[in-house]
Structures are given as C-alpha cells and as structure tokens.
Trainee: 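Please see the structure below; I have some questions.
Just so you know, residue 1 is the first one in the sequence shown, and it goes up from there. Counting starts at 1 for both ligands and their atoms, following the listed order.
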Amino acid sequence: MTNNWVDIKNANVVLIMGGNPAEAHPVGFKWVMEAKTRNAAQVMVVDPRFNRSAAVADFYAPIRAGSDAAFMLGVINYLLTHDKIQHEYVKAYTNAALIVREDFQFHEGLFSGYDTATRSYNTTSWDYERDEQGFAKQDPTFQHPRCVLNLLRNYTSRYTPELVSQITGTPEKDFLHVCETLASTSVPDRTSTFLFALGWTHHTNGSQIIRAASMVQMLLGNVGMPGGGLNALRGHSNIQGYTDLGLLSTRLPGYMNLPKDSQQTLDAYLQAVTPKADEPKEVNYWHNAPKFFVSLMKTLWGNHATDSNNWGYDWLPKWDRSYDMLAYFERMQQGKVNGYIAQGFNPLAAMPDKNRMRDGLAKLRFLVTIDPLDTETSNFWQNEGVYNDVRPEDIQTEVFRLPSSCFAEENGSVVNSARWLQWHYAGTQPPGEAWNDGRILGTIFTKLRDLYAKEGGVCPEPVLNMQWNYQDPEDPMPEEVAKEANGYALADIQDATGKVVARKGELLPDFSVLKDDGTTASYCWVFAGSWTEAGNQMARRDNTDTGLGNTPGWAWAWPANRRLLYNRASLDPQGRPWDPRRKIIEWNGQRWGGADVPDYPLTSPPGSGVGPFIMQSEGVSRLFAGASLVDGPFPEHYEPTESPVLAPALGSKVRHNPVARQFADEIPRMGNPSEFPYVATTYSITELFRHWTKHSHLNAIMQPEQFVEIGERLAGKLGVSAGDTVRVSSRRGYIEAKAVVTKRLKRLNVMGQEVDQVGVPCHWGFKGATRKGFLANTLTPAMGDANSQTPEFKAFLVNVEKV
Ligand SMILES: Nc1nc2c(c(=O)[nH]1)N[C@H]1C(S)=C(S)[C@@H](COP(=O)(O)OP(=O)(O)OC[C@H]3O[C@@H](n4cnc5c(=O)[nH]c(N)nc54)[C@H](O)[C@@H]3O)O[C@H]1N2
Ligand SMILES: Nc1nc2c(c(=O)[nH]1)N[C@H]1C(S)=C(S)[C@@H](COP(=O)(O)OP(=O)(O)OC[C@H]3O[C@@H](n4cnc5c(=O)[nH]c(N)nc54)[C@H](O)[C@@H]3O)O[C@H]1N2
Ligand SMILES: [Mo]
C-alpha cells in the first residue's frame with residue numbers, strides 16, 4: 001500500500017479491481033463504506049463475478065479473467081485522448097518529459113532486444129537518451145517525439161474502447177463509465193484510490209497489470225495524495241512483514257537484492273545496488289544502500305564481519321538460478337531435491353497443479369512440516385480415494401511433523417497492508433507438545449551448528465560464524481529478534497554535525513544513522529525506529545488523529561513511521577497543496593512537518609527542484625519503467641497461458657507474455673479451448689481462510705461443503721440445476737463439487753465469441769472438519785509471472801459436466 005487502510009475514507013472514487021475486500025478484508029473494508037458515507041465516494045468493482053464487494057458498490061462491470069492489462073491500457077488511452085490528466089503533476093512529478101533512446105522499439109507484441117532462444121530481453125535500449133555527464137535528456141515542452149509522454153500516447157492508442165471491450169468482454173459503455181469516473185479525479189481536488197490483490201497478481205503478466213494501474217494513478221495526479229494511491233491488500237496477517245524481511249528467494253531484508261553469481265565481489269554488488277542519479281539534483285535515497293547492507297552483515301555475522309573480509313560477503317549465498325517456489329517444485333519433480341521444510345505452508349493445497357506437486361513430494365527423501373495443524377501436505381502420501389489417489393506403498397519419503405504454536409500463542413509483531421508493525425501478546429499457551437517457531441528453528445540451528453563444529457563439511461563458515469546472541473540460543477525470544485531487526489550502535493554514533501545520536505550498545509533511533517563502516521548493526525533497515533531506546537514503538541496505542549485520519553501514535557509504520565508514501569507529491573513543486581483540504585505535510589519556513597512524517601529531505605525548501613520520489617534515480621515516478629521489469633518498460637496485454645482467444649489481438653505476433661515463467665515439463669499439461677472451453681478463476685470466501693480454518697468446527701458449519709459457481713446460461717446449456725454435482729476438469733485433473741447456479745457470472749462476448757466463466761473457491765481438501773473435498777489446485781497450471789514468478793491461479797481453461 002502506498003497509503004493506508006484509514007486513508008481510504010479520504011477518496012472520492014474507489015476502484016476495486018482484482019480484489020474483493022468485502023470478502024477477504026472485511027474489517028478494512030469499513031473504510032470503503034466510510035468513503036461512501038463521508039464523501040459520497042463512487043465505489044466501482046470490476047471483476048469476473050458480481051462479488052460481495054460489488055453488492056455494496058455503486059457500479060459493477062464484468063471482465064474476462066486475465067484481461068486486466070488491456071482494460072488499464074485502455075483507461076490510459078482514454079485519459080490521454082480526452083486530455084484528462086493532471087498536467088502540472090505529470091510534468092513535474094513523472095518522467096513524461098524524459099527522452100527515450102532512439103533504438104527502443106515495440107513491434108508486433110515484442111519490445112526491442114528480445115532473444116527467442118533464451119526467452120528474455122536484452123534491455124540496453126530500454127533507457128533514456130543521455131547527455132555527456134550521463135544524465136537523462138528531457139523536453140519539458142513535450143515536443144520531442146521520443147519523450148515518454150509521446151511514446152506512451154502512441155503506444156496506448158491501440159487500446160480503443162472498442163478493442164478493450166472485445167478483449168475483456170466488458171461492455172463498452174461499462175468500460176467508458178469506469179474511464180469517465182476515474183477521469184473525474186484528474187482535477188487537483190479529487191482523488192481515486194485503487195484497491196487490488198490477487199485478481200491482479202495471479203497472472204503471467206500480473207506485475208504489468210499493476211504497473212498499468214500505477215500509471216493511471218500518476219496521470220491522474222493521485223499518487224502521494226491522501227485518498228489516492230495504489231493500495232495492495234495483503235494476504236496472511238504478516239505477509240507484508242514477510243516481504244519486508246526479504247523472505248523471497250531473490251531478496252535480502254529491506255528490499256535489497258540477494259547478490260547474483262556474477263557479483264563475486266562486494267564492490268561489484270554495491271555498485272549494482274547503488275544506482276547513480278539520473279538528474280544532478282536528485283536525492284536517490286538508495287545511495288545509502290552500502291549502509292543498509294553493511295549493517296545487515298554486522299547483524300548476520302557479528303564480530304566475524306570485518307572490513308578486511310568484506311563483512312562476510314563470501315558467506316552470503318549467491319543467486320545462480322531460480323529458487324522461487326515454482327522453480328523449486330519443478331526441481332523436486334525432477335528428483336533433484338532431497339529434503340524440504342514446509343513451515344506454515346501447505347504447498348500440496350496452495351501450489352498449482354496438485355497432482356504434479358504430489359509426485360514431487362513423493363520424490364523427496366524427507367519432508368518436514370512445521371504447523372499447528374495436520375495439513376494435506378503432511379499427509380500427501382495417504383490414500384484418500386478420489387481426493388488424493390496415491391499408493392502409499394510406492395512412496396518412500398520420510399515425513400517429520402513438528403507441531404508449532406500459532407501466532408495467537410506468542411508475542412510478536414505483524415505488519416499489516418498499511419506497513420504498520422503492530423505488537424501483540426500471546427493469548428494463551430500452545431497446547432500439547434507444540435513449540436513456537438522460534439524455538440523450533442533455534443533448536444535446529446544450534447544442533448546443525450554443533451554438527452558443523454564437530455564434523456566440518458563443505459563451507460561451514462556461514463553457519464559457524466553466524467551471530468546468535470540470544471539468552472537461550474535454542475529459544476530466541478520475539479523481543480530479542482525484534483530489537484535486532486531495529487538494530488544497535490556498535491560504537492558511539494555521531495550525525496553530520498558531530499552530535500552523538502546513539503551510544504555504543506544502544507538501540508538505533510532510525511535508519512538515517514546507519515553507517516557502512518561496521519559501527520552499526522540493523523537486520524532490516526526499513527524497520528529501524530520500530531524499537532528504540534524510547535521503547536517498543538510497535539506496542540503504542542495512542543489513536544490521536546493528527547489530520548485526515550492519520551494516527552502516528554498508533555503502532556509504528558515503516559519507513560520512519562510514515563503513513564503515506566510519496567506524500568511530498570501531495571503539494572505542488574512550490575509547496576502549495578494541490579488540494580487545501582488534503583494538506584498532510586507542510587513547509588514551516590525552515591523544515592517540513594505536518595500530520596504525517598514527510599517523505600522528503602526535511603530541510604530541502606519548496607522550489608529546490610528535488611523530486612518527490614526520492615527512492616528513484618530520476619526523483620519522479622516512472623511512466624516508462626526502463627529495465628526495472630523484465631517484460632517491458634510499458635505494460636502490454638498478453639493472453640493467459642490458457643485462453644479461449646487463439647488469434648492474438650493488436651496485430652501481435654505473440655499470444656502470451658514472451659518471458660512468462662514457463663516449464664518444459666508443464667507445457668504438455670496445457671489445455672486448449674476445443675476440449676476446455678470455459679474460463680475458470682479461483683478465489684476465497686469470508687467464512688474460510690485458505691486451507692486452514694476448515695479445521696475449525698464453527699467455520700466448517702458455515703461452509704460445510706465444496707461448491708463451484710456457474711452462470712445461469714451455462715447451467716442451462718449443460719442442464720445443471722442448483723445443488724447438482726458437477727465435474728470441473730482441466731488438462732491437469734478434475735474436481736467434483738456442488739453447483740451454485742448464479743446470475744452473478746455473466747456470459748461475455750470476447751473477440752466475437754461467447755465466453756462463460758466458472759468460479760472455483762479454493763478452500764476444501766481432505767483434512768479438517770468440513771466434508772472432504774478436492775483441492776482446487778488440481779486444476780490450475782504451474783506457469784508464472786515473468787517478474788514475481790507468481791503462479792497463474794486466476795485464469796485457466798476448464799470443462800464442466802453434470803455428474
Ligand atoms: N476470509 C478470507 N480472507 C482472506 C483469505 C482467505 O482465504 N479467506 N486469504 C487471505 C490472503 S492469503 C490473501 S492473498 C487475500 C486475497 O484477497 P483477494 O485478492 O481480494 O481475494 P481473492 O478472492 O483471491 O480474489 C479477489 C477477486 O479477484 C477476482 N478475480 C479473479 N480473477 C480475476 C481477474 O483476472 N481480473 C479481475 N479484475 N479480478 C479477478 C475474484 O473473482 C475475486 O472477487 O485475502 C486474505 N484474506
Ligand atoms: N488456486 C489458488 N491457489 C492459491 C491462491 C488462490 O487464490 N488460488 N492463493 C495463494 C495465496 S495468496 C497464498 S498466500 C497461498 C497460501 O498458501 P499457504 O500459506 O500454504 O496456506 P494456508 O492454508 O494459510 O497455510 C498456512 C499454514 O500455516 C499454519 N500456521 C498458522 N499459524 C502458524 C504459526 O504461527 N506457525 C507455523 N509454523 N504455522 C502456522 C496453518 O495451520 C496453515 O496450515 O495460497 C496460494 N494458492
Ligand atoms: Mo496470500
């Protein structure tokens with residue numbers, strides 16, 4: 001989220017697309033209702049299904065699953081052709097005026113630099129034209145044909161309302177209604193907020209859908225504004241914390257990248273993660289990356305990390321190939337993985353193409369599950385008839401089940417979608433033999449370390465040299481770990497004026513004091529400030545409103561307790577708020593202050609020319625993204641891996657995202673529309689949380705049995721009535737479930753053909769208190785987004801038959 005939950009109430013228009021917060025975020029959703037009652041906000045839902053959010057919205061439009069990029073590119077085209085952009089904002093705060101290299105091209109669906117053999121792009125041409133000093137050239141008059149704005153105008157002109165309607169199946173008048181309503185917020189004193197989640201991420205071009213949406217918000221001048229922004233509604237209660245802490249396979253804590261295999265020296269790595277500014281004045285806060293990185297290394301290896309051994313750089317794993325979940329399970333299926341630890345993770349249920357997933361688990365020598373519940377994954381070897389059709393005698397995998405506590409049984413912090421770290425306290429003790437995760441991991445770690453110390457082995461240093469200063473090394477306390485994340489001064493730390501800002505041994509006050517000389521340690525720089533000498537900031541519960549619903553005394557938000565990212569962009573370059581009713585920060589003549597923590601150098605005066613997007617090398621937001629995404633500097637519509645549309649629209653030579661994550665062994669498992677004519681998508685429902693709460697009797701009573709949703713016209717065609725059992729099959733397998741026949745799924749007209757969509761909620765399985773059911777992921781394809789590798793759970797092909 002750029003903004004925060006409470007801030008949704010400040011919006012004039014709420015676009016809910018690719019998310020269903022009334023269902024999946026029912027508590028946060030109250031702020032949407034606040035926007036309606038306080039501001040008469042227009043709430044619009046664009047979704048394949050008329051869902052529970054749509055039920056209380058002002059407007060609903062249907063869309064074919066997997067076609068959102070075309071919709072958003074169409075909105076951009078509408079805004080540009082109808083001149084509904086916030087000109088001053090676009091000029092001052094985006095890269096619209098920057099000039100792109102002459103050799104950058106887009107032709108028949110491909111950007112310049114595509115290599116068919118490696119299915120990847122050489123991105124050299126995706127850059128600005130630069131002057132002698134290496135700074136980007138620009139044309140603030142927008143005359144230059146290759147300035148970003150003109151390129152974008154030309155690029156999106158293909159996405160006419162008529163074509164968008166053909167690709168998406170959204171009736172043209174509905175599409176135009178969304179365009180007009182969004183366009184009403186191009187004026188300075190109206191904003192729209194975008195709420196999205198999995199309906200946008202679970203696609204082979206998911207990152208580009210979200211980019212297209214952020215471009216719409218930039219053109220409308222809505223980024224950095226109270227009541228604006230691009231607001232990702234996160235999943236599990238701490239999934240935001242998971243990304244903050246770098247638990248993705250290519251990341252380190254604080255959104256730093258894991259070193260690549262090609263970056264064998266610390267210098268090579270630091271140079272790569274410390275980009276130069278594209279303009280002379282810009283701040284480019286990432287120039288501090290060496291301070292963040294060395295402080296992380298001092299936390300990992302403690303006294304073993306020294307200047308002379310490059311802070312232990314050689315002990316960090318180097319990224320030599322993909323280790324994301326799809327890639328890992330592919331290797332498992334090829335018999336190349338010995339052991340797997342699934343901690344708080346039920347991959348048999350959660351990952352795509354369940355039958356292949358199960359075959360992979362069967363090739364492991366051992367599987368460890370760490371979970372409070374008896375999951376499908378830990379029982380993958382049990383025969384459950386049609387629900388899990390295996391021969392246990394053929395499976396040799398040894399399974400260890402380590403019962404853990406759950407979050408409610410321990411102290412700790414969870415980070416919500418709004419980046420707030422909120423401390424909570426154990427409600428009760430874990431039952432039986434359950435240990436909390438810290439104790440399980442601490443015990444495994446110390447035992448492994450003892451083995452390395454005794455027996456040596458290949459490369460023991462990373463384990464032996466790991467700093468592990470916990471009172472009980474086998475049971476680190478959440479409080480100890482949280483303080484480590486904040487960080488400590490390892491010597492007296494002075495600021496630029498020579499004032500001591502932290503004494504040796506003290507907790508650090510914030511990340512501005514971090515050093516790259518080994519005198520500070522901080523595990524996650526964006527968390528610095530969360531637990532200081534003043535105490536645990538995450539445990540604060542002062543809900544005083546400093547303006548526009550801002551409550552800086554409630555918990556603590558990263559970074560620096562800032563609640564609204566890019567908030568300097570809520571004022572014009574001279575420091576006047578675009579909308580006086582939405583003033584959230586201000587210049588007092590000497591420094592910036594106000595209701596929120598300014599996202600800007602505190603003493604850079606208005607008019608200084610420093611851009612408001614201080615994490616970007618341009619200082620402005622990017623309508624043209626350069627090489628920051630692997631599949632193009634502009635978003636493009638591509639068909640999902642499985643799609644009913646066989647002839648690519650838009651004069652394109654390529655049907656699918658040409659760099660989408662794809663696996664050779666999975667390609668033969670893709671179906672075609674002649675056998676599997678219907679578009680299916682998967683989603684969750686309020687009464688059940690993933691494959692987890694079906695173990696609770698109350699939840700099981702509310703949703704006792706698996707169902708799928710089909711539209712009335714499709715049901716009529718198939719002779720299916722409500723309550724009949726239907727078989728839904730894809731090329732990869734089938735499920736059987738009760739049919740809910742509904743008006744909420746409409747037949748759509750897509751590229752001249754009629755397309756029916758099928759809704760598959762994904763919660764049931766062969767464990768728990770509900771009736772046994774099929775894992776919905778029996779149906780889904782193991783193909784992924786080109787950038788995030790997220791599987792395409794939300795658009796694939798199925799057939800439906802009455803059983
Ligand atoms: N009760 C409950 N709450 C939950 C969860 C749960 O299981 N149960 N799960 C949690 C987790 S882990 C997460 S990540 C979040 C997920 O939160 P959401 O993303 O909101 O949940 P979903 O139901 O997966 O999908 C949202 C909507 O996307 C729509 N959709 C599907 N395909 C497309 C498409 O191609 N385009 C568009 N525009 N829309 C599409 C679906 O019809 C659905 O209405 O919820 C969290 N909250
Ligand atoms: N088809 C389809 N597939 C999907 C999705 C979809 O929309 N459609 N959504 C995807 C998304 S967004 C997600 S997040 C994944 C979810 O995938 P998973 O995370 O595998 O799903 P959960 O069922 O929530 O499993 C979490 C497990 O953590 C356990 N647990 C709870 N608290 C603790 C704790 O404190 N410690 C430990 N060790 N364990 C704990 C729970 O008992 C549960 O078994 O599924 C993905 N898969
Ligand atoms: Mo999620």
Trainee: Under 4.0 Å from ligand 2, counting heavy atoms only, is it the side chain of Ser405, its backbone, both or neither?
Mentor: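 The answer is the backbone.
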Trainee: I want to know if ligand 1 touches Gly66 in the polar sense, i.e. an N/O pair below 3.5 angstrom.
Mentor: yes
Trainee: Report yes or no: does a heavy atom of Pro48 sit under 4.0 Å from some atom of ligand 1?
Mentor: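 Right, Pro48 reaches ligand 1.
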Trainee: Polar contacts were defined as any N/O atom of the residue lying under 3.5 Å from an N/O atom of the ligand; does this apply to Tyr683 and ligand 2?
Mentor: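 Min N/O separation from ligand 2 is not below 3.5 Å for Tyr683.
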Trainee: Taking only heavy atoms of Cys406, which atoms of ligand 2 are found under 4.0 Å from at least one of them?
Mentor: 32 (N), 33 (C), 34 (C), 35 (O)
Trainee: Looking only at distance, does Arg64 have an N or O less than 3.5 Å from an N or O of ligand 1?
Mentor: no
Trainee: In a check of side-chain hydrogen bond (donor to acceptor under 3.5 Å, both in side chains) between Arg401 and each of Thr377, Asp374, Thr369, which one passes?
Mentor: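 With Arg401 as partner, side-chain hydrogen bond (donor to acceptor under 3.5 Å, both in side chains) holds for just one option, Asp374.
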Trainee: Is the shortest N/O to N/O distance between His236 and ligand 2 below 3.5 Å?
Mentor: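 Checking ligand 2 against His236, an N or O pair does fall under 3.5 Å apart.
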Trainee: Could you tell me which atoms of ligand 2, counted from 1 in the order shown, lie closer than 4.0 angstrom to a heavy atom of Thr375?
Mentor: 44 (O)
Trainee: Output yes when a side-chain donor or acceptor of Arg251 lies under 3.5 Å from a complementary backbone atom of Thr243, and no otherwise.
Mentor: no
Trainee: Measure the distance from atom 8 (N) of ligand 1 to every protein heavy atom, then report the residue, atom name and distance (to 0.1 Å) of the closest one.
Mentor: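 Residue, atom and distance for the closest contact: Leu688 O, 2.6 Å.
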Trainee: Could you find the nearest protein heavy atom to atom 32 (N) of ligand 1 and give me its residue, atom name and distance?
Mentor: Thr681 OG1, 3.0 Å
Trainee: Ignoring angles and geometry beyond distance, decide whether Glu410 reaches within less than 3.5 Å of ligand 2 through its nitrogen or oxygen atoms.
Mentor: no
Trainee: Take His236 and Phe689 through the test ring pair (Phe, Tyr, Trp, His ring centres under 6.0 Å) and record every step on the way to the result.
Mentor: CA-CA 9 Å; His236 289 83; Phe689 195 98; 5.2 Å; yes
Trainee: Just distances here: any N/O of Thr780 and N/O of ligand 2 closer than 3.5 Å?
Mentor: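 Between Thr780 and ligand 2 (N or O atoms, distance only) the closest approach is not under 3.5 Å.
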Trainee: Is there a heavy atom of Leu233 sitting under 4.0 angstrom from any atom of ligand 1?
Mentor: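 Judged by the 4.0 Å heavy-atom criterion, Leu233 does not count as contacting ligand 1.
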Trainee: Is Ser67 in polar range of ligand 1, meaning some N or O pair under 3.5 Å apart?
Mentor: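 N/O-N/O distance under 3.5 Å: no.
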Trainee: Could you name the option among Glu376, His202, Met351 that has the heavy atom nearest to atom 5 (C) of ligand 2?
Mentor: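 Ranked by closest heavy atom to atom 5 (C) of ligand 2, first place is His202.
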Trainee: Looking only at N/O atoms, are Cys762 and ligand 2 under 3.5 Å apart anywhere?
Mentor: no
Trainee: Would you please determine whether Ile685 falls within less than 4.0 Å of ligand 1 on a heavy-atom basis?
Mentor: yes
Trainee: Do Asp437 and ligand 2 have an N or O pair less than 3.5 Å apart?
Mentor: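 Yes; the residue has a nitrogen or oxygen that sits under 3.5 Å from a nitrogen or oxygen of the ligand.
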Trainee: Counting only nitrogen or oxygen atoms and a 3.5 angstrom limit, does Leu373 reach ligand 2?
Mentor: no
Trainee: Which residue supplies the protein heavy atom nearest to atom 11 (C) of ligand 1, what is that atom called, and how far is it?
Mentor: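 The answer is Gly235 CA, 3.2 Å.
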Trainee: For Asp68, which part has a heavy atom under 4.0 Å from ligand 1: side chain, backbone, both, or neither?
Mentor: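 Answer for Asp68: side chain.
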Trainee: Check each atom of ligand 1 against the heavy atoms of Lys794 and keep those under 4.0 Å away; list them by number with element.
Mentor: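 So the answer, numbered in order with elements, is 24 (O), 25 (O), 31 (C), 32 (N).
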Trainee: With a 4.5 Å cut-off on side-chain heavy atoms, are Ser378 and Asp371 touching?
Mentor: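 A side-chain contact under 4.5 Å is absent here.
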Trainee: Could you check whether any heavy atom of Ala776 sits closer than 4.0 Å to an atom of ligand 2, since that is the contact criterion I want to use?
Mentor: no
Trainee: May I ask you to identify the nearest protein heavy atom to atom 13 (C) of ligand 2, giving residue, atom name and distance to one decimal place in Å?
Mentor: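 For atom 13 (C) of ligand 2, the nearest protein heavy atom comes out as Arg690 NE, 3.6 Å.
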Trainee: Closest non-hydrogen protein atom to atom 27 (C) of ligand 2, residue and atom name please, with distance?
Mentor: Asp371 OD2, 3.3 Å
Trainee: Can you report which non-hydrogen protein atom sits closest to atom 23 (O) of ligand 1, along with the distance?
Mentor: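 Nearest neighbour among protein heavy atoms for atom 23 (O) of ligand 1, to 0.1 Å: Ser684 N, 2.9 Å.
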Trainee: Look only at interatomic distance and state if Ala24 has a nitrogen or oxygen under 3.5 Å from any nitrogen or oxygen of ligand 1.
Mentor: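 Yes, since at least one N or O of Ala24 sits under 3.5 Å from an N or O of ligand 1.
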Trainee: Does Asn51 approach ligand 1 within less than 4.0 angstrom via side chain, backbone, both or neither, non-hydrogen atoms only?
Mentor: side chain
Trainee: Which residue owns the protein heavy atom closest to atom 18 (P) of ligand 1, what's the atom, and how far is it?
Mentor: Ala197 CB, 3.7 Å
Trainee: In the protein, what heavy atom is nearest to atom 19 (O) of ligand 1, and what distance, to one decimal place, separates them?
Mentor: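 Its nearest protein heavy-atom neighbour is Leu198 N, 2.8 Å.
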